Amino acid sequence: QVQLAESGGGLVQAGGSLSVSCAASGRTLSIYTVGWFRQAPGKEREFVAATSWYGGSTSYADSVKGRFTISRDNAKNTVYLQMNSLKPEDTAVYYCALRSGGILYAPTMYNTWGQGTQVTVSS
């Protein structure tokens with residue numbers, strides 16, 4: 001059906017910036033809510049940010065508010081996560097995921113997942 005591919009991860013120093021992308025194929029991404037999640041070694045997968053087709057809504061985890069920005073380019077069928085003022089605790093594998101309907105925060109509420117991209121923030 002729909003497939004997701006994350007890209008843009010890498011190594012960045014604390015205080016720096018990085019942008020990761022989620023490109024979709026097989027379906028039009030604009031009809032879905034797209035969430036970004038992350039998982040660090042030994043920790044649970046956690047919600048980072050999401051954007052919904054419904055009302056142009058966005059939502060952010062408290063830990064990233066004011067630093068991260070989620071956006072979408074419907075023409076390119078891609079959603080982005082711009083990450084600024086990065087901290088070592090942001091180090092994780094970042095995943096994008098889709099669900100039908102509005103923004104929810106639990107990973108289990110999302111139906112389709114990409115393979116993830118590694119973001120490493122050095123101190």
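On a predicted model such as this, the values are computed, not experimentally measured, just so you know. Just so you know, residue 1 is the first one in the sequence shown, and it goes up from there. Values reported hereafter were calculated over all heavy atoms of this structure, with side chains retained and with hydrogens, waters and symmetry mates removed.
When the side-chain hydrogen bond (donor to acceptor under 3.5 Å, both in side chains) test is applied to Glu46, the partners found at least two apart in sequence or on another chain are Arg38. When the salt bridge (Lys or Arg N to Asp or Glu O under 4.0 Å) test is applied to Lys43, no partner is found at least two apart in sequence or on another chain. Partners of Thr120 according to the side-chain hydrogen bond (donor to acceptor under 3.5 Å, both in side chains) rule, which considers only residues two or more places apart in sequence or in another chain, are Gln118.
Put simply, OG1 on Thr28 and CG on Asn74 are 8.5 Å apart, with the number rounded to the nearest 0.5 Å. Atoms OG and CH2, on Ser30 and Trp53 in that order, are 10.0 Å from each other to the nearest 0.5 Å.
Listed by first then second residue, pairs satisfying side-chain hydrogen bond (donor to acceptor under 3.5 Å, both in side chains) with a partner in residues 9-25 read Ser17-Asn84, not counting sequence neighbours. Identified under the salt bridge (Lys or Arg N to Asp or Glu O under 4.0 Å) test for residues 112-123, with sequence neighbours left out: none. Evaluation of the salt bridge (Lys or Arg N to Asp or Glu O under 4.0 Å) test over residues 56-73, restricted to residues two or more places apart or in two chains, returns Asp62-Lys65, Arg67-Asp90.
Across Thr33 and Ala50, no two heavy atoms sit closer than the pair CG2-CB, 4.5 Å. The nearest pair of heavy atoms linking Pro88 to Ala14 is CD-CB, 4.1 Å. Taking every heavy atom of both residues into account, Arg27 and Ala24 meet most closely at O-CB, 4.4 Å. In terms of heavy atoms, Gly114 sits closest to Tyr95 at O-CD2, 3.6 Å.
Formation of a donor-acceptor pair under 3.5 Å by the Gln39 side chain with backbone atoms of Ala92 is not found in this model.
Listed by chain and number, the hydrophobic cluster partners of Leu18 are Val2, Leu4, Val12, Val20, Leu29, Ile31, Tyr32, Val34, Trp36, Val48, Tyr60, Val64, Phe68, Ile70, Val79, Leu81, Met83, Leu86, Tyr94, Leu98, Val119, Val121, where partners are ILVMFWY side chains within reach of under 4.5 Å, directly or through others.
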Just distance, no hydrogens or angles: give the donor-acceptor pairs under 3.5 Å from side chains in residues 104-111, sequence neighbours left out.
unit_1: Tyr105; atom_1: OH; unit_2: Ser59; atom_2: OG; d: 3.2
unit_1: Tyr110; atom_1: OH; unit_2: Leu104; atom_2: O; d: 2.6

